[in-house]
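For reference, the structure is listed below as structure tokens.
In this chain, residues are counted from 1 in sequence order. Everything numeric here is computed off the predicted structure, so don't read it as measured data.
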Amino acid sequence: MAIKRYASIYLKLLNVNIKSKLEFAADFWISSIGLILTNLTSLFTLYFIFQHIPMLGGVSYYDTIFIFSFFTISTSLHQIFFDNIWSIWIHFIEGSFIKYCLRPIDSMFYYLTESIDPKGFSQLILGIALMAYSGANLNLNWSFINIIFLVVLLLCATSIYTSLMTIAAALGFWITDPFEVISLVNRSKDFGKYPITIFNNATKFIITFVLPLGFVGFYPSTFFVKDTINFMSLMTVPVALILFFAQRLIWKAGLNRYIPAGS
């Protein structure tokens, strides 16, 4: 079966990646500390804001921390397993992307899973800690069903962000250097970690329907902080599926026209 074959390949790639990354322990610790400090800076800003106002866009402090934690976990999973996207522009410029086309394996799977970024684990742990902290203060009901929903929505949120980044990267098949597009999507992702209610209508529309980063943090989080099933939180699943198939179609279309640099 194809799934079994690719799972076996992925585990082998993962094993090689972990061994290679462990050879650079200093880089891991320095980068991990940097990531944690960056997130703590954002958290301090939120804390300072809520010392002066009781609600932010109609959302309480602990609700906002939960949204922040959900976003942090979903983007950390992307960083750990799919951060290789950042290097694709180099392969397009140098023409070395051709190697991903010559192996008897799906090129998108091969490229995205070729490398992992273990420093993302520090951010993941921080996100889990923040979710436990905010969840305890919100008295969230962590029933078995809610935990299942949490896992599903987190995976869908991760898939949404990964799909958006992959689509940005795949534009390199047409424009050769997609770095600025990838960077734009990455910089825009922060819209998802705050209550969307604080933004104007134009911004809400963009991060909901054009670049749906609201589904990376805010919308799926409302399922838990509002303690009720709502339409927008459930839309996280179909949005993830639509973007997953969209990235595949765009990648394949680009691959069909790919000509290595210098050819």
Side-chain angles (χ1 to χ4, degrees), residues 34-35 37-43 45-46 49 56-57 59 64-89 92 112 117 119-120 123-124 126-127 130 153-222 232-233 235-248 250-251 254:
L35 277 175
L37 290 176
T38 299
N39 281 282
L40 290 178
T41 300
S42 297
L43 288 169
T45 302
L46 284 176
I49 291 173
L56 182 65
V59 180
T64 303
I65 295 300
F66 186 89
I67 295 167
F68 187 99
S69 69
F70 190 101
F71 169 89
T72 301
I73 293 173
S74 60
T75 54
S76 294
L77 291 173
H78 163 83
Q79 180 173 357
I80 293 168
F81 297 106
F82 306 110
D83 207 47
N84 201 38
I85 285 174
W86 280 103
S87 302
I88 198 168
W89 65 280
F92 282 137
L112 291 180
D117 187 0
K119 65 177 179 287
Q123 192 168 249
L124 177 63
L126 176 63
L130 289 172
L153 291 177
L154 279 170
L155 292 177
C156 286
T158 302
S159 177
I160 288 170
Y161 181 59
T162 299
S163 295
L164 290 173
M165 291 288 280
T166 304
I167 290 171
L171 293 180
F173 289 117
W174 287 271
I175 63 176
T176 304
D177 184 359
F179 178 81
E180 292 301 330
V181 184
I182 297 171
S183 182
L184 175 62
V185 174
N186 180 65
R187 291 196 302 269
S188 301
K189 76 178 186 295
D190 285 354
F191 283 109
K193 67 181 177 183
Y194 300 114
I196 286 181
T197 48
I198 68 175
F199 303 119
N200 59 40
N201 290 332
T203 303
K204 290 178 187 176
F205 180 84
I206 291 172
I207 59 180
T208 300
F209 300 105
V210 181
L211 198 64
L213 293 164
F215 292 96
V216 179
F218 177 75
Y219 286 127
S221 297
T222 59
M232 292 307 290
S233 63
M235 280 299 294
T236 304
V237 177
V239 169
L241 290 173
I242 290 169
L243 285 175
F244 176 80
F245 288 110
Q247 70 169 348
R248 292 288 297 168
I250 294 171
W251 184 282

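Atom OG of Ser163 is separated from atom CD1 of Ile160 by 8.0 Å, given to the nearest 0.5 angstrom. Distance CG/Leu126 to OG/Ser76: 8.0 Å, rounded to 0.5 Å. The structure places CD1 of Ile182 at 8.5 Å from CG of Asp177, a figure rounded to the nearest 0.5 Å. In this structure, CD1 on Ile67 lies 9.0 Å from CG on Leu56, to the nearest 0.5 angstrom. Rounded to the nearest 0.5 Å, atoms CZ (Phe209) and NZ (Lys204) are 11.5 Å apart. Rounding to the nearest 0.5 Å places CD1 of Ile80 at 9.5 Å from OG1 of Thr75.
Side-chain contact between Leu43 and Leu40 is present, with at least one heavy-atom pair separated by less than 4.5 Å. Counting only heavy atoms from C-beta outward, the side chains of Asn186 and Ser183 never approach each other to under 4.5 Å. Counting only heavy atoms from C-beta outward, the side chains of Thr236 and Val216 never approach each other to under 4.5 Å. Counting heavy atoms from C-beta on, the side chains of Trp89 and Thr176 never come closer than 4.5 Å. Looking only at side-chain heavy atoms (C-beta outward), Ile88 and Pro178 come within less than 4.5 Å of each other.
Scanning both residues, Leu243 and Ile167, for their nearest heavy atoms gives CD2-CD1, 4.3 Å. Nearest heavy atoms, Ile250 versus Trp174: O-CH2, 3.6 Å. When all heavy atoms of Thr222 and Ser233 are compared, the closest pair comes out as OG1-CB, 3.7 Å. Nearest approach of Val181 to Ala168, heavy atoms of both residues: CG1-CB, 3.7 Å. Of all heavy-atom pairs between Ala240 and Cys156, the closest is CB-O, 3.7 Å. Gly172 and Phe92 make their closest contact through CA-CE1, 3.6 Å (heavy atoms, listed as atom of the first residue, atom of the second, distance).
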| request: Before giving the answer on side-chain contact (heavy atoms from CB on, under 4.5 Å), spell out for Asn39 and Gln123 the whole-Å C-alpha distance, their side-chain angles and the decisive distance to 0.1 Å. | output: CA-CA 8 Å; Asn39 281 282; Gln123 192 168 249; 2.8 Å; yes
| field | Intermediate values then yes/no, side-chain contact (heavy atoms from CB on, under 4.5 Å), Gln247 and Met165 | value | CA-CA 9 Å; Gln247 70 169 348; Met165 291 288 280; over 6 Å; no
| request: Dump the intermediate steps for side-chain contact (heavy atoms from CB on, under 4.5 Å) on Leu213 and Thr208, then the final yes or no. | output: CA-CA 7 Å; Leu213 293 164; Thr208 300; over 6 Å; no
| message | ring pair (Phe, Tyr, Trp, His ring centres under 6.0 Å), that's the test. Do Phe215 and Tyr161 meet it? Break it down for me. | response | CA-CA 9 Å; Phe215 292 96; Tyr161 181 59; over 10 Å; no
| message | Using the rule given for side-chain contact (heavy atoms from CB on, under 4.5 Å), can you reason through Ser42 versus Lys193, listing the C-alpha separation, both sets of side-chain angles and the distance that settles it, and then say yes or no? | response | CA-CA 10 Å; Ser42 297; Lys193 67 181 177 183; 3.7 Å; yes
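Annotation: Phe191 is in aromatic contact with Phe199 [ring centroid separation under 6.0 Å]. Tyr194 has its ring centre no less than 6.0 Å from the ring centre of Phe71.
Ser221 places a side-chain N or O within donor-acceptor distance of the main-chain N or O of Gly217, the cut-off being under 3.5 Å. Thr158 contributes a side-chain N or O that, together with a main-chain N or O of Ser74, makes up a donor-acceptor pair within less than 3.5 Å. Thr72 contributes a side-chain N or O that, together with a main-chain N or O of Phe68, makes up a donor-acceptor pair within less than 3.5 Å.
Judged by distance alone, the side chains of Asn200 and Thr203 do bring a donor and an acceptor atom under 3.5 Å apart. With no hydrogens or angles considered, a side-chain donor-acceptor pair links His78 and Thr162 at under 3.5 Å.
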